[in-house]
**Q** 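The structure that follows is given in the form of structure tokens.
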Amino acid sequence: MVRVLMVCLGNICRSPLAEGILKSKTNPENVFVDSAGTGSYHIGEQPDRRSIAVAKTHHLDITGQRCRQFTVEDFDNFDWIYVMDNANKRDVLALARDENDRAKVKMILNEIFPGENVDVPDPYYGGEFGFENVYTLLDKACTQIAKKLNNG
Ligand code: 4NP
């Protein structure tokens with residue numbers, strides 16, 4: 001079993017979409033996918049209604065997800081930790097205990113823009129286009145991730 005964690009700031013907009021999209025592209029018998037936020041603002045909440053809506057237009061149901069905060073134990077419980085932006089990366093790496101922890105942390109858009117460290121734009125304060133754009137980016141990145149996981 002490969003365990004993959006998607007991380008953003010709020011765990012209500014971007015990482016719930018990444019979790020749902022990667023789950024839809026992988027076999028749950030081989031790949032466990034979860035998501036978390038570096039912040040604590042929305043713990044226990046459902047994903048943002050705009051993420052739920054954009055997922056629905058792509059035939060994905062993410063309404064069962066609940067927000068939780070990233071913890072240091074996640075380094076023990078996951079093999080790969082995909083962060084959505086550079087701020088998430090900094091916040092997650094601040095909790096890393098050693099080189100093994102640090103090596104698990106990857107910028108998700110490096111899957112489609114290798115080495116560029118591009119952020120998934122935070123759509124929280126934007127409009128609906130922001131969410132569709134985020135969906136498109138995450139769908140492409142998760143296709144790449146799934147290709148590696150399904151072959152490995
Ligand atoms: P996310 O978006 O990190 O993609 O879930 C955000 C959601 C909420 C907040 C910030 C970003 N917030 O500040 O409450």
Side-chain angles (χ1 to χ4, degrees), residues 1-39 42 45-71 74-93 96 101-152:
M1 179 69 90
V2 183
R3 301 156 302 171
V4 178
L5 184 66
M6 302 297 191
V7 175
C8 64
L9 172 58
N11 189 212
I12 56 168
C13 297
R14 292 165 293 176
S15 60
L17 281 174
E19 176 187 334
I21 293 167
L22 187 61
K23 274 182 176 161
S24 76
K25 296 177 189 288
T26 51
N27 182 342
E29 288 180 13
N30 305 327
V31 183
F32 174 72
V33 189
D34 192 15
S35 66
T38 58
H42 299 281
E45 293 178 20
Q46 265 196 335
D48 187 283
R49 61 182 167 71
R50 295 163 296 176
S51 282
I52 290 174
V54 79
K56 196 174 172 192
T57 68
H58 295 274
H59 312 290
L60 277 186
D61 180 2
I62 62 167
T63 58
Q65 294 186 34
R66 293 295 178 274
C67 173
R68 73 170 179 90
Q69 190 168 22
F70 181 85
T71 70
D74 287 315
F75 286 114
D76 300 320
N77 296 333
F78 290 90
D79 302 295
W80 299 111
I81 298 169
Y82 284 101
V83 294
M84 301 296 126
D85 66 28
N86 282 282
N88 308 150
K89 185 178 177 189
R90 181 198 62 214
D91 293 342
V92 166
L93 287 178
D101 287 354
R102 279 188 280 277
K104 295 182 175 186
V105 182
K106 309 242 174 239
M107 294 280 291
I108 194 165
L109 291 188
N110 280 357
E111 297 293 322
I112 50 173
F113 307 118
E116 294 188 25
N117 297 322
V118 176
D119 292 345
V120 179
D122 186 341
Y124 188 60
Y125 296 105
E128 300 298 329
F129 173 76
F131 283 78
E132 185 61 41
N133 180 46
V134 165
Y135 190 97
T136 301
L137 290 168
L138 291 177
D139 190 59
K140 288 181 182 158
C142 287
T143 295
Q144 289 302 117
I145 296 169
K147 225 179 255 176
K148 286 193 243 181
L149 294 175
N150 292 333
N151 293 331

**Q** Quick one: closest heavy-atom pair of Ile21 and Cys142, and the distance?
**A** CG2-CB, 3.6 Å
**Q** Can you give me the closest heavy-atom contact between Lys104 and Phe75, atom names plus distance?
**A** NZ-O, 2.5 Å
**Q** Backbone N or O of Val120 within a donor-acceptor pair of the Arg14 side chain at under 3.5 Å?
**A** yes
**Q** Would you list the pairs meeting salt bridge (charged side-chain N to carboxylate O under 4.0 Å, His left out) in which at least one residue belongs to residues 107-118, sequence neighbours left out?
**A** Glu111-Lys148
**Q** Between Leu17 and Ala55, which heavy-atom pair has the shortest distance, and what is it?
**A** CD2-CB, 3.9 Å
**Q** Using side chain to side chain donor-acceptor pair (under 3.5 Å) as the criterion, list what pairs up with Lys25, not counting sequence neighbours.
**A** Asp139, Thr143
**Q** For Arg102, give me all partners under side chain to side chain donor-acceptor pair (under 3.5 Å), at least two apart in sequence or on another chain.
**A** Glu99
**Q** On a heavy-atom basis, which atom in Pro47 and which in Ile62 lie closest, and how many Å separate them?
**A** CG-O, 3.4 Å
**Q** Start with the C-alpha distance between Asn77 and Asp74, add both sets of side-chain angles, then the distance that settles side-chain hydrogen bond (donor to acceptor under 3.5 Å, both in side chains), and finish with yes or no.
**A** CA-CA 5 Å; Asn77 296 333; Asp74 287 315; 4.7 Å; no
**Q** List in chain and number order the residues that pass side chain to side chain donor-acceptor pair (under 3.5 Å) with Ser51, two or more places apart in sequence or in another chain; answer none if no residue qualifies.
**A** none
**Q** What heavy-atom pair brings Met1 and Pro28 nearest, and what distance separates the two atoms?
**A** CE-O, 3.5 Å
**Q** Under the salt bridge (charged side-chain N to carboxylate O under 4.0 Å, His left out) rule, collect the residues that match up with Asp91, sequence neighbours excluded.
**A** none
**Q** Working to the nearest 0.5 Å, report the span between CG of Asp101 and CG of Leu93.
**A** 9.5 Å
**Q** Considering residues at least two apart in sequence or located in another chain, which fulfil the side chain to side chain donor-acceptor pair (under 3.5 Å) criterion with Asn30?
**A** none
**Q** What is the distance from atom CD1 of Ile81 to atom CZ of Phe70, rounded to the nearest 0.5 Å?
**A** 4.0 Å
**Q** Measure across Asp34 and Glu19 and return the closest heavy-atom pair with its distance rounded to 0.1 Å.
**A** C-OE1, 3.6 Å
**Q** Rounded to the nearest 0.5 Å, what separates atom NZ in Lys23 from atom CD in Gln65?
**A** 5.5 Å
